[in-house]
Amino acid sequence: MDLKSNFKESLMYPIRNYKKFILLGTLFIILDINTLVFLNSDNPILTIFCVIDSIILLSIIMGDLISIIRETRLTTNEFEFGWWEKFGIGVKGFLISSFGIAIPLILFLLITYITGTGEYYFDILEVGVNGLTINLSVMFNDYSFIVLLINLFIVLLFIYFTVIALARLSHTNNLLESVNIKKIIEDLKNIGIIHFTLWVLIMFILMIIMGIVCDKVYYISYVGLIISSYILVPYIAMFLFKSIGNEYSI
């Protein structure tokens with residue numbers, strides 16, 4: 001599937017699958033309520049309950065999203081995740097996602113510390129009356145830019161790893177098999193490195209735009225919070241995972 005068709009189909013997926021959309025919206029709303037109670041409660045028992053409940057909800061949500069990837073490659077209803085399966089595969093999905101975020105973050109901090117380029121990043125990102133801006137004149141000044149490219153390359157590699165590992169998990173339901181580096185590389189070659197890189201870059205830009213819109217709506221009022229949690233967040237999540245499924249099914 002070409003990128004245009006992928007994104008077009010993925011954008012329509014939440015609307016065509018309104019039952020899953022409504023379910024995810026409900027789960028996200030409950031998750032938000034848990035968060036509000038957690039932040040405002042002085043009762044330790046209630047706090048612990050909210051934490052446990054949130055972990056369960058997040059795992060089920062992740063499992064439901066991963067099932068979208070699996071559905072993309074199925075022509076029949078030969079497999080459907082139940083609630084327990086969603087929870088189980090969701091936990092595995094979070095382990096993969098956490099690894100994909102934590103490792104590049106640790107490497108970024110380590111490389112930044114060793115090379116002493118921390119100040120360089122603060123010079124690039126300027127916070128003023130107009131909000132966060134990027135100073136391009138500073139970005140290309142010295143060898144720090146090369147360090148920045150190295151960090152971005154590491155992040156890109158782990159995005160490859162995380163996305164394909166989650167796609168593999170949707171079909172194997174096996175954590176070790178999902179993170180098999182040799183199989184991940186084979187899958188990446190089958191998809192096409194250039195094609196997949198273009199998908200990652202476009203999706204990254206779309207996620208930033210959608211995230212900004214969602215954030216603006218969230219802070220309007222309680223109505224904005226409901227619209228953001230019940231409509232925008234599940235829509236963005238379903239769009240992302242459907243697109244992952246389309247990309248992996250090439």
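Every value quoted in this text rests on a predicted model; they were computed, and no experiment measured them. For this chain, numbers begin at 1 and follow the sequence in order.
Apart from Ile212 itself, the hydrophobic cluster it occupies contains Phe204, Ile208, where clustering links Ile, Leu, Val, Met, Phe, Trp and Tyr at side-chain heavy-atom distances under 4.5 Å. Ile205 belongs to a hydrophobic cluster whose other members, connected by ILVMFWY side-chain contacts under 4.5 Å either directly or through intermediates, are Ile209.
Looking only at side-chain heavy atoms (C-beta outward), Leu24 and Leu65 come within less than 4.5 Å of each other. Counting heavy atoms from C-beta on, the side chains of Phe28 and Ile61 come closer than 4.5 Å. Here the side chains of Met62 and Ile66 are in contact, with some heavy-atom distance below 4.5 Å. Side-chain contact between Glu247 and His195 is present, with at least one heavy-atom pair separated by less than 4.5 Å. Contact check for Asn43 versus Thr47: no side-chain heavy atoms found under the 4.5 Å cut-off.
Annotation: Ile194, atom CD1; neighbour count of heavy atoms from other residues, nucleotides and ligands within 6.0 Å does not exceed 12. A 6.0 Å sphere centred on CZ of Phe108 holds more than 12 heavy atoms belonging to other residues, nucleotides or ligands. Remark: Ile181 CD1 is packed, more than 12 non-hydrogen atoms of other residues, nucleotides or ligands lying under 6.0 Å away.
The hydrophobic clustering, which links ILVMFWY residues whose side-chain heavy atoms are closer than 4.5 Å, places Phe241 and Ile101 apart. Residues Trp84 and Leu169 are members of one and the same hydrophobic cluster, defined by side-chain heavy-atom contacts under 4.5 angstrom among Ile, Leu, Val, Met, Phe, Trp and Tyr. Note: the hydrophobic cluster containing Ile154 also contains Leu149 (ILVMFWY, side chain heavy atoms under 4.5 Å, direct or indirect links). Both Ile244 and Ile202 belong to a common hydrophobic cluster when Ile, Leu, Val, Met, Phe, Trp and Tyr are linked at side-chain heavy-atom distances under 4.5 angstrom. Val155 and Leu110 sit in two unconnected hydrophobic clusters of ILVMFWY residues. Membership requires side-chain heavy atoms under 4.5 Å apart, directly or through other members.
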Can you give each donor-acceptor pair under 3.5 Å made by side-chain atoms of residues 48-60, sequence neighbours left out, with the distance rounded to 0.1 Å?
{"unit_1": "Asp53", "atom_1": "OD2", "unit_2": "Asn34", "atom_2": "ND2", "d": "2.7"}
{"unit_1": "Ser54", "atom_1": "OG", "unit_2": "Cys50", "atom_2": "O", "d": "2.7"}
{"unit_1": "Ser59", "atom_1": "OG", "unit_2": "Ile55", "atom_2": "O", "d": "2.9"}

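Checked against side chain to side chain donor-acceptor pair (under 3.5 Å), Lys183 has the following partners two or more places apart in sequence or in another chain: Glu177. When the side chain to side chain contact (heavy atoms under 4.5 Å, CB included) test is applied to Asn17, the partners found at least two apart in sequence or on another chain are Tyr13, Met238. For Thr26, the side chain to side chain contact (heavy atoms under 4.5 Å, CB included) partners are Ile22, Ile30, Tyr230, not counting sequence neighbours. Judged as a side chain to side chain donor-acceptor pair (under 3.5 Å), and not counting sequence neighbours, the contacts of Asp187 are Arg168, Tyr248. Checked against side chain to side chain contact (heavy atoms under 4.5 Å, CB included), Phe99 has the following partners two or more places apart in sequence or in another chain: Ile103, Phe158, Phe161. Residues satisfying the side chain to side chain contact (heavy atoms under 4.5 Å, CB included) test with Leu188, not counting sequence neighbours, are Tyr160, Ile164, Ile193, Phe196. Evaluation of the side chain to side chain donor-acceptor pair (under 3.5 Å) rule for Ser243 yields Asn6, Trp199 as partners, not counting sequence neighbours. Applying the salt bridge (Lys or Arg N to Asp or Glu O under 4.0 Å) rule to Lys242 yields the partners Glu9; only residues at least two apart in sequence or on another chain are considered. By the side chain to side chain donor-acceptor pair (under 3.5 Å) test, Thr172 is found to be paired with Ser178, residues two or more places apart in sequence or in another chain being considered.
Rounded to the nearest 0.5 angstrom, Leu166 CG and Ile69 CD1 are separated by 6.0 Å. The NZ atom of Lys8 sits 10.5 Å away from the CG atom of Leu11 when rounded to the nearest 0.5 Å. Of the inter-residue distances, the one linking Ile226 atom CD1 with Ile220 atom CD1 reads 12.0 Å to the nearest 0.5 angstrom. Between the OG atom of Ser228 and the CG atom of Asp215 there is a distance of 8.0 Å, given to the nearest 0.5 Å. Here the CG atom belonging to Leu148 is positioned 9.0 Å from the OG1 atom belonging to Thr112, to the nearest 0.5 angstrom. Atoms CG and CG, from Asn151 and Leu105 in turn, are 10.5 Å apart once rounded to the nearest 0.5 Å.
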How far apart are the C-alpha atoms of Phe7 and Asn246, what are their side-chain angles, what is the distance that settles it, and do they pass the side-chain contact (heavy atoms from CB on, under 4.5 Å) test?
CA-CA 9 Å; Phe7 289 118; Asn246 285 338; over 6 Å; no

Run the numbers on Phe239 and Met207 for side-chain contact (heavy atoms from CB on, under 4.5 Å), then give the verdict.
CA-CA 10 Å; Phe239 161 71; Met207 286 294 104; 3.7 Å; yes

side-chain contact (heavy atoms from CB on, under 4.5 Å) for Leu225 and Val217? Distances and angles first, verdict last.
CA-CA 7 Å; Leu225 185 150; Val217 173; over 6 Å; no

Using side chain to side chain donor-acceptor pair (under 3.5 Å), reason through Thr35 and Asp32 one step at a time and then give a plain yes or no.
CA-CA 5 Å; Thr35 303; Asp32 265 353; 4.7 Å; no

Does the pair Asn180 and Ile184 meet the rule for a side-chain contact (heavy atoms from CB on, under 4.5 Å), with working shown?
CA-CA 6 Å; Asn180 186 314; Ile184 288 177; 5.7 Å; no

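Closest approach of Ser170 and Ala167 over heavy atoms only: OG-O, 2.5 Å. In plain terms, the two heavy atoms of Ser229 and Pro234 that are nearest each other are O-CD, 3.0 Å. The two residues Asp64 and Leu23 come nearest to each other via the heavy atoms OD2-CD2, 3.9 Å.
With Thr162 contributing its side chain and Ile159 its backbone, the two residues share no donor-acceptor pair below 3.5 Å.
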